[in-house]
**Q** 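Handing you a structure now.
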Amino acid sequence: MPDKVVKTPYPVIDADPHFSRVVRYFRPADYATWAAGTAAFPTLLYLWNMADPIPHVRHRTALRLGGLLGFVGGFLVAYQNSSLRFWGWTENQREEEMDLTELRQRVAEGKPLYPESTQPRWIQDVAYRNSVWSQLKFQVFPMFNFVNHQHHGTDPAKYGVKDKETLE
């Protein structure tokens with residue numbers, strides 16, 4: 001399955017990063033976005049209730065549900081922001097340096113560039129096709145990449161990989 005070359009304003013780090021990498025590369029601003037989403041949803045519900053109160057109704061359940069929805073929504077926005085940096089759509093110098101350090105260390109230790117998967121190759125291909133660009137469709141169906149595969153859209157030579165065997 002050939003990887004396509006994508007022109008972006010910043011270097012592409014990974015076209016379909018694994019869930020754990022995206023979360024590991026969160027910036028403090030991503031955590032702030034997540035916290036703001038968690039706090040904003042129930043706050044807006046509370047303010048709405050103050051503006052247009054409904055008598056004799058306890059709003060504890062609505063506020064708790066609002067907190068949960070804010071938590072999930074804030075995480076999805078933070079995850080999407082981190083993914084945009086992996087794709088090279090926004091400034092990603094910090095992530096690029098972390099990626100180079102992490103993957104060059106794996107190559108120096110003699111490990112494969114990306115973790116190996118226990119899934120058959122065709123499952124890895126299906127997982128890639130289902131999860132690539134999925135961060136753009138979070139409002140419809142949140143989907144994450146939990147499968148290790150070899151489709152990353154970058155040149156392994158930049159990490160010091162000399163032969164295809166090290167990649168696999």
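Numbers here are sequence positions counted from 1.
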**Q** Please assess Glu102 against Tyr25 for the test side-chain hydrogen bond (donor to acceptor under 3.5 Å, both in side chains), listing each intermediate value before the final yes or no.
**A** CA-CA 11 Å; Glu102 177 184 353; Tyr25 285 43; 2.4 Å; yes

**Q** If you measure from CG on Leu69 to OG1 on Thr38, what distance do you get to the nearest 0.5 Å?
**A**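 Here the rounded value is 10.5 Å.
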
**Q** Would you say that His151 contacts Val132 through its side chain, given a criterion of any heavy-atom pair below 4.5 Å between the two side chains?
**A**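 Not touching, per the 4.5 Å side-chain cut-off.
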
**Q** I need the minimum non-hydrogen distance between Ile54 and His59, along with the two atoms involved.
**A**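 Shortest heavy-atom separation between Ile54 and His59 comes out as O-NE2, 4.2 Å.
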
**Q** Centres of the Phe138 and Phe144 rings: under 6.0 Å?
**A**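 Ring centres of Phe144 and Phe138 closer than 6.0 Å.
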
**Q** Do other residues, nucleotides or ligands put more than 12 heavy atoms under 6.0 Å from the CZ atom of Phe146?
**A**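 Correct, the count exceeds 12.
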
**Q** Leu103 and Val107: same hydrophobic cluster, using ILVMFWY side-chain contacts below 4.5 Å?
**A**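 Leu103 clusters together with Val107.
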
**Q** Please examine the side chains of Asn81 and Thr33, heavy atoms only from C-beta on, and report whether any two atoms are closer than 4.5 Å.
**A**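 Contact flag for Thr33/Asn81 side chains = yes.
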
**Q** Could you check if a side-chain atom of Gln135 sits within less than 4.5 angstrom of a side-chain atom of Leu76, using non-hydrogen atoms only?
**A**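 The answer is no, as the side chains (C-beta and beyond) never meet within the 4.5 Å cut-off.
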
**Q** Could you check whether any side-chain heavy atom of Asn148 comes within less than 4.5 Å of a side-chain heavy atom of His18, counting everything from C-beta outward?
**A**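 The answer is yes, as the side chains (C-beta and beyond) meet within the 4.5 Å cut-off.
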
**Q** Specify whether His149 and Tyr128 have parallel, tilted or perpendicular ring planes, treating 30° as the upper limit for parallel and 60° as the lower limit for perpendicular.
**A**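 Taking Tyr128 first and then His149, their aromatic rings stand perpendicular (interplane angle over 60°).
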
**Q** Give a yes or no on this: more than 12 heavy atoms of other residues, nucleotides or ligands lie within 6.0 Å of atom OH of Tyr46.
**A**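 It does not: Tyr46 OH has 12 such atoms or fewer within range.
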
**Q** Assign the ring pair Phe75 / Phe26 to parallel, tilted or perpendicular, where the plane angle (0 to 90°) is split at 30° and 60°.
**A**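 Rings of Phe75 and Phe26: tilted, as their planes differ by 30° to 60°.
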
**Q** Parallel, tilted or perpendicular: which fits the ring planes of Trp34 and Phe71, with parallel below 30° and perpendicular above 60°?
**A**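 Answer is tilted, since the angle falls between 30° and 60°.
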
